[in-house]
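Residue numbers begin at 1 in each chain, while the letters A, B, ... track the order of the sequences.
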Protein chains: 2
Amino acid sequence: MKKTETRIQKKNHSAIKAAGLKVFAQFGFRGSTLDQIAAESGLSKPNILYYFSSKETIYEALLAQLLTDWLQPVRDIDPAGDPVEEILKYAKHKLKMSRLYPRESRLYANEIIQGAPRIKSVLTGELRDVVATLAQLIKNWSEAGLIRVIDPYHLIFSIWAMTQHYADFDVQVQAVLGDGDHFDDAEQYLEDMLRRMLTV
Amino acid sequence: MKKTETRIQKKNHSAIKAAGLKVFAQFGFRGSTLDQIAAESGLSKPNILYYFSSKETIYEALLAQLLTDWLQPVRDIDPAGDPVEEILKYAKHKLKMSRLYPRESRLYANEIIQGAPRIKSVLTGELRDVVATLAQLIKNWSEAGLIRVIDPYHLIFSIWAMTQHYADFDVQVQAVLGDGDHFDDAEQYLEDMLRRMLTV
DNA sequence: AATTAATTTGACCAACTGGTAAAACTAACG
DNA sequence: CGTTAGTTTTACCAGTTGGTCAAATTAATT
């Protein structure tokens, strides 16, 4: 398929995506301009359109990458593992993602807040299925007496909400707690919360 | 001050703010246009600029209103009340806000995600102070043995994250759970979680 | 070195952007 | 009813937007 990629293509594709991520994550799709992405990437505007046929193509490429990166760890949850530790592992992974890739989180947040016009089909398709599978697994664990009886869906939402909060609302967190990295404290709180919620 | 407001002024001011809320909440400040707000409000573009001197003025009016509405319930928490019930009351109030005014929540989310360029001073000022006061109160409750020892700041963040999640990520929630109102389940989950976290 | 393929640029465009100015219209009030 | 204050519209503008095109430049291949 895309075996034939020049070193220049490789470099510029990733330069454009990096710039696009930065800009789109901050301003959303409609609030971002090709000129900004051009300036950020160091390429000229027509040059960008030589590699991506439109502004939307860049945006969609970023979203597609993001979705696969985010769904995989859900699939990696081991039904045979220790329930509490598996859920904790996933939650911590999600939090680490927020710490290391806050812009990806913000890009996604922007898209969802705006009604997910470009990925709604993924949400009601792939995402829905993956979450349904996980929810069923959690329910089984509950019924087997391995964890407390709990609404699996809202448990998942609470993990997503709390982990992404530290990326998406970073400015607010910094304003309240002062500048610095608060992810270690957040992780401790999250672990405490999940253990309390899951253990019988 | 603004005692002298015609009935027409009153009507149009609120029509513009309603339209602006709808548009800004979906597209963020930069992604929104006066033409959209004009179309949504049923007024002409120059007519809008007769009531608000610029696009930014509308946006700022909305944000200002929002911030006072959001900070008040934090101040209303009663230090003399029952700690668990006071925190629960606040959390439920916040969740109800998400249910009734999801667009306000999205407007705020957009602003924060984009780095809060227009309200950073409020965050590091009023918001920070109000939260610090609440955090101190929670700490006192902890030390008095009325609630479990807990990081007050991350407790507050978790309440914000979870309640706002149901407004800001509504599309995702609907995609996963199916269309309908899921706030009752969310409230139950939230109450369960907070009781578990707060009771000794 | 010559030829071809890949890359970059500059000039350009039509649609849209926030905002203005003045004229036309409507409501309020004595 | 006439006058004034308040409101709305029409026409407009300069800057920005996503995107095009052909020419110029550079890299790869023979």
Side-chain angles (χ1 to χ4, degrees), chain A residues 1-64 107 110-111 114 117-118, chain B residues 1-64 107 110-111 114 117-118:
Chain A
M1 293 237 157
K2 50 165 78 172
K3 290 277 165 56
T4 34
E5 230 195 3
T6 315
R7 93 195 136 77
I8 297 181
Q9 280 170 353
K10 214 167 168 178
K11 186 190 60 172
N12 285 345
H13 270 134
S14 75
I16 293 169
K17 282 196 277 187
L21 174 63
K22 214 166 178 174
V23 176
F24 284 132
Q26 187 169 1
F27 302 108
F29 179 75
R30 291 197 34 173
S32 302
T33 72
L34 280 174
D35 283 317
Q36 285 177 286
I37 299 174
E40 186 66 40
S41 67
L43 300 178
S44 69
K45 191 167 63 175
N47 202 10
I48 285 182
L49 291 165
Y50 172 72
Y51 290 101
F52 289 87
S53 55
S54 70
K55 176 184 164 185
E56 195 154 356
T57 311
I58 308 173
Y59 186 74
E60 279 165 0
L62 288 168
L63 270 184
L107 178 77
N110 261 312
E111 172 69 12
Q114 308 192 356
R118 291 151 226 278
Chain B
M1 291 240 158
K2 50 165 79 172
K3 291 277 164 61
T4 36
E5 229 193 3
T6 314
R7 93 197 135 78
I8 298 181
Q9 280 170 353
K10 215 168 168 180
K11 186 191 61 173
N12 286 344
H13 271 136
S14 75
I16 293 168
K17 283 196 276 187
L21 175 63
K22 213 165 178 176
V23 176
F24 285 133
Q26 187 170 1
F27 301 109
F29 180 75
R30 291 195 36 171
S32 303
T33 73
L34 280 175
D35 283 316
Q36 286 177 284
I37 299 173
E40 186 66 41
S41 66
L43 300 177
S44 68
K45 191 167 62 174
N47 203 8
I48 285 182
L49 291 165
Y50 172 71
Y51 290 101
F52 289 86
S53 56
S54 69
K55 175 185 164 185
E56 195 153 359
T57 311
I58 307 172
Y59 186 74
E60 280 166 1
L62 289 168
L63 270 184
L107 178 78
N110 261 312
E111 171 70 11
Q114 307 193 357
R118 293 152 224 277

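Sorted by first and then second residue, the side chain to side chain donor-acceptor pair (under 3.5 Å) pairs involving residues 20-30 of chain A (not counting sequence neighbours) are A:Lys22-A:Glu40, A:Arg30-B:Gln36.
Taking atom CD1 on A:Ile16 and atom P on C:dT7, their separation rounds to 11 Å, with Å as the unit. For the pair B:Asp35 CG and C:dG19 P, the interatomic distance rounds to 12 Å; values are reported in whole Å. Per the geometry, CD1 belonging to A:Ile8 stands 6 Å off P belonging to D:dA27, to the nearest Å. For A:Ile48 and D:dT17, the CD1 to P distance is 13 Å, given to the nearest whole Å. B:Lys10 places its NZ atom 14 Å from the P atom of D:dT7, with the value rounded to the nearest Å. In this entry the distance linking CG of B:Leu34 with P of C:dT20 reads 11 Å, nearest Å. Protein atom NZ of A:Lys45 is 11 Å distant from nucleotide atom P of D:dT16, rounded to whole Å. Distance A:Ile37 CD1 to D:dG19 P: 10 Å, rounded to the nearest Å.
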Would you list the atom pairs, donor with acceptor, under 3.5 Å between side chains in residues 42-52 of chain B and any protein atom, with sequence neighbours excluded?
from	atom 1	to	atom 2	distance (Å)
B:Ser44	OG	B:Asn47	N	3.3
B:Tyr51	OH	B:Asn12	ND2	3.0

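Counting heavy atoms from C-beta outward, A:Phe24 and A:Ile37 have side chains that approach closer than 4.5 Å. Side-chain atoms of A:Pro117 and A:Glu111, non-hydrogen and from C-beta on, do get closer than 4.5 Å to each other. Between A:Glu60 and A:Phe29, every side-chain heavy-atom pair lies at or beyond the 4.5 Å cut-off.
For A:Lys55, counting side-chain heavy atoms from C-beta on, the closest listed nucleotide (D:dG18, C:dG18, D:dT8) is D:dG18. Considering only side-chain atoms of B:Pro46, the nucleotide from C:dA21, D:dG19, C:dT7 that sits closest is C:dA21. The side chain of B:Asn47 lies closest to D:dT9, out of C:dT17, C:dG19, D:dT9. Listed nucleotides D:dT9, C:dG18, D:dG19 differ in distance to B:Ser44; the shortest reach to its side chain belongs to D:dT9.
Contact annotation: B:Arg7 side-chain N/O to C:dA28 OP1/OP2 distance is under 4.0 Å. For A:Tyr50 and C:dT7, the shortest distance from a side-chain N or O to OP1 or OP2 is below 4.0 Å. A sub-4.0 Å separation between OP1 or OP2 of C:dT7 and a side-chain N or O of A:Gln9 is present. At C:dA27, none of the side-chain N or O atoms of B:Thr6 fall inside 4.0 Å of OP1 or OP2 (strictly under the cut-off). The phosphate of D:dG6 has neither OP1 nor OP2 within less than 4.0 Å of any side-chain N or O from B:Asn12.
Taking NZ of B:Lys11 as the start and CD of B:Gln9 as the end, the distance is 11.5 Å to the nearest 0.5 Å. A distance of 13.5 Å separates CD1 in B:Ile16 from CG in B:Leu21, rounded to the nearest 0.5 Å.
In this structure, the helix from C:dA1-D:dT30 to C:dG30-D:dC1 shows an angle of 10° between the axis at its start and the axis at its end, each fitted on 5 base pairs and rounded to 10°.
Between A:Ser53 and A:Gln36, the residue anchored closer to the 5' end of DNA chain D is A:Gln36, taking for each the nucleotide with the nearest heavy atom.
At the heavy-atom level, A:Leu49 lies under 4.0 Å from base atoms of the strands shown. Looking at heavy-atom distances under 4.0 Å, A:Ser32 makes contact with sugar-phosphate atoms alone, never a base. Residue contacts for B:Tyr51: at a heavy-atom cut-off of 4.0 Å it reaches the sugar-phosphate backbone alone, with no base atom in range.
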Start with the C-alpha gap between B:Phe27 and B:Asn110, add the side-chain angles, then the distance that decides, and say whether side-chain contact (heavy atoms from CB on, under 4.5 Å) holds.
-> CA-CA 8 Å; B:Phe27 301 109; B:Asn110 261 312; over 6 Å; no
